[in-house]
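Both counts, for ligands and for their atoms, begin at 1 and track the order of listing.
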Amino acid sequence: MANVTVIGAQWGDEGKGKLVDWLSNRADVVVRFQGGHNAGHTLVVGDQVYKLSLLPSGVVQGKLSVIGNGVVVDPWHLVEEIAKLGSQGVTITPDLLVLADNACLILPLHRDLDQAREAAATNKIGTTGRGIGPAYEDKVGRRAIRVADLADREALEAKIDRLLAHHTPLRRGLGLADVDAAGLLAELEAMAPRILPFARPAWLLLDEIVKSGKRVLFEGAQGALLDVDHGTYPYVTSSNTVAGQAAAGSGLGPKGVGYVLGIVKAYTTRVGGGPFPTELFDAVGEHLGTVGKEFGTVTGRSRRCGWFDAALVRQSVALNGISGIALTKLDVLDGLPRLKICVGYRADGQDFSYLPAGLKAQAALTPVYEEMDGWSETTQGARSFRDLPANAVKYVRRIEELIGAPVALLSTSPQRDDTILVRDPFQD
Ligand code: IMP
């Protein structure tokens, strides 16, 4: 199989960055296809830590990297991230980075709206406050400014007028000052020469790449349960995060998606609001948060932590067409005497093998757990299954059975090389 699509199979923060970085060695091009700089990917290479939000993780390996049309791009953030990587010795040139010319921009007014709405809301989504949702709203509302518009002053002027006709009443309703059209135009014109050198028809480039027999690695952001259709709506992000979006968000047809690798954390976390049936509020939850260093890469918020939810991941396996999983952070469970795995839910005397869509039903769910013994030895840094304690292997095997997908990779520390390869997604 030529291509691999990596997606988060839970609520994000499963450790996709490390796996994408590791797999990008075997790929010719790495492509982001949804989300924006709400994503947070941490890559640890030796003693260097790279924190990426928008750039595909492949850039660190010097791989051709594409920001696809499905991504919403904050140009100010993009130049900042490029500069930051430059200061860490990674130089990003247009030979290395391609920005789809039909991707939509996130503007400061989107961030204002995101933050003002969150501040005013009683039932907060807990967004990253970076303007992602409002930018996608404008995309679907057909009033967004796209990368290519930066090269066309006349189009830009007309688009700003149309955009402000929508945003001005919204801003006034929220007590925000009006945006000065001439000021915004000047800012975008100043930004244009910094962004446009990277802009190209990414779909065309990908078509050529695939036709020449090269391999594409798609890098998803967030997780399947944050998908705007399939996630825990309305506590979701504003894009489709499932694997199928790799095709629409890049312009490569659906056959190009290839092997779908679901990244799965050995327990569960989420940031922001919304249902979380296996959430823990006790010492075990604290253990997972502290040992797992569960703080948001983008916002620094503490993540909510809980037991592994096999029902949720089983749902994700179906939604994404997952071929195999990469299990991460197993070592965080080291030393816990007993472990629980959620195998389904119960609500009002009814059993559910999946997360029902209704908010009331979701709130009423209690998890049904299976229990097993933990292990006292360390799994950190293990490089083969033989290095794992018997109970850790049992835990992994039980997860495979319950979710209906095999483990292709096991990540045993944030370091690139602490990875057990069971089957190579590019060869499968
Ligand atoms: P937004 O994407 O900023 O609109 O936030 C919507 C929801 O998605 C919130 O619950 C965020 O915490 C969550 N979210 C967005 N990006 C990430 C991510 O990269 N990891 C985990 N959660 C995320």
Side-chain angles (χ1 to χ4, degrees), residues 6-20 32-43 51-57 70-74 77 81 104 106-121 123-140 219-242 245 249 262-265 267-276 279 288-289 292-306 312 316 328-329 359 362:
V6 171
I7 50 93
Q10 293 151 310
W11 276 296
D13 309 313
E14 298 91 352
K16 292 179 288 295
K18 171 188 157 169
L19 270 305
V20 171
R32 280 265 327 252
F33 55 90
Q34 49 73 227
H37 64 311
N38 49 348
H41 292 166
T42 307
L43 315 181
K51 286 189 186 290
L52 306 179
S53 297
L54 184 57
L55 290 168
S57 299
V71 177
V72 280
V73 181
D74 179 329
H77 179 87
E81 204 167 300
C104 294
I106 302 179
L107 304 176
L109 52 77
H110 295 125
R111 194 184 49 225
D112 293 346
L113 193 56
D114 194 358
Q115 293 177 0
R117 280 179 179 158
E118 278 287 283
N123 259 340
K124 295 185 196 310
I125 306 290
T127 72
T128 57
R130 296 197 153 186
I132 309 296
Y136 276 116
E137 286 171 38
D138 281 345
K139 172 179 176 170
V140 179
E219 175 177 15
Q222 292 87 45
L225 274 303
L226 287 172
D227 181 280
V228 67
D229 286 289
H230 299 289
T232 43
Y233 192 90
Y235 300 97
V236 292
T237 192
S238 299
S239 62
N240 283 111
T241 57
V242 291
Q245 176 63 16
I263 314 299
V264 176
K265 202 184 282 193
Y267 49 98
T268 315
T269 62
R270 89 172 286 177
V271 266
F276 183 172
E279 184 168 12
L288 298 175
K293 301 190 179 65
E294 297 293 353
F295 304 98
T297 313
V298 171
T299 60
R301 290 179 290 177
S302 296
R303 296 179 185 138
R304 301 156 65 191
C305 298
L312 203 76
S316 197
T328 64
K329 299 187 100 166
L359 285 179
Q362 285 178 358

If you look at each N/O of ligand 1, which protein N/O atoms lie under 3.5 Å away, and at what distance?
unit_1: ligand 1; atom_1: 2 (O); unit_2: N38; atom_2: ND2; d: 2.9
unit_1: ligand 1; atom_1: 2 (O); unit_2: T237; atom_2: OG1; d: 2.6
unit_1: ligand 1; atom_1: 3 (O); unit_2: T128; atom_2: N; d: 2.8
unit_1: ligand 1; atom_1: 3 (O); unit_2: T128; atom_2: OG1; d: 2.6
unit_1: ligand 1; atom_1: 10 (O); unit_2: V271; atom_2: O; d: 3.2
unit_1: ligand 1; atom_1: 12 (O); unit_2: G126; atom_2: O; d: 3.3
unit_1: ligand 1; atom_1: 12 (O); unit_2: V271; atom_2: O; d: 3.3
unit_1: ligand 1; atom_1: 12 (O); unit_2: R301; atom_2: NH2; d: 3.0
unit_1: ligand 1; atom_1: 16 (N); unit_2: N38; atom_2: O; d: 3.4
unit_1: ligand 1; atom_1: 16 (N); unit_2: Q222; atom_2: NE2; d: 3.3
unit_1: ligand 1; atom_1: 19 (O); unit_2: N38; atom_2: O; d: 3.3
unit_1: ligand 1; atom_1: 20 (N); unit_2: D13; atom_2: OD1; d: 3.1
unit_1: ligand 1; atom_1: 20 (N); unit_2: D13; atom_2: OD2; d: 3.4

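Residues satisfying the ring-ring contact (aromatic ring centres under 6.0 Å, His included) criterion with H110, sequence neighbours excluded, are H167. Residues meeting the ring-ring contact (aromatic ring centres under 6.0 Å, His included) test with F276, sequence neighbours left out: W11. Scanning for side-chain hydrogen bond (donor to acceptor under 3.5 Å, both in side chains) contacts around N38 gives Q222, T237, with sequence neighbours left out.
Using a 4.0 Å cut-off between charged side-chain N and carboxylate O, D114 and R130 make no salt bridge. Salt-bridge formation is not detected for the pair E219/K18: no Lys NZ or Arg NE/NH1/NH2 atom is positioned less than 4.0 Å from an Asp or Glu carboxylate oxygen.
Looking at heavy atoms from C-beta onward, I7 lies out of side-chain contact with I263 at the 4.5 angstrom threshold.
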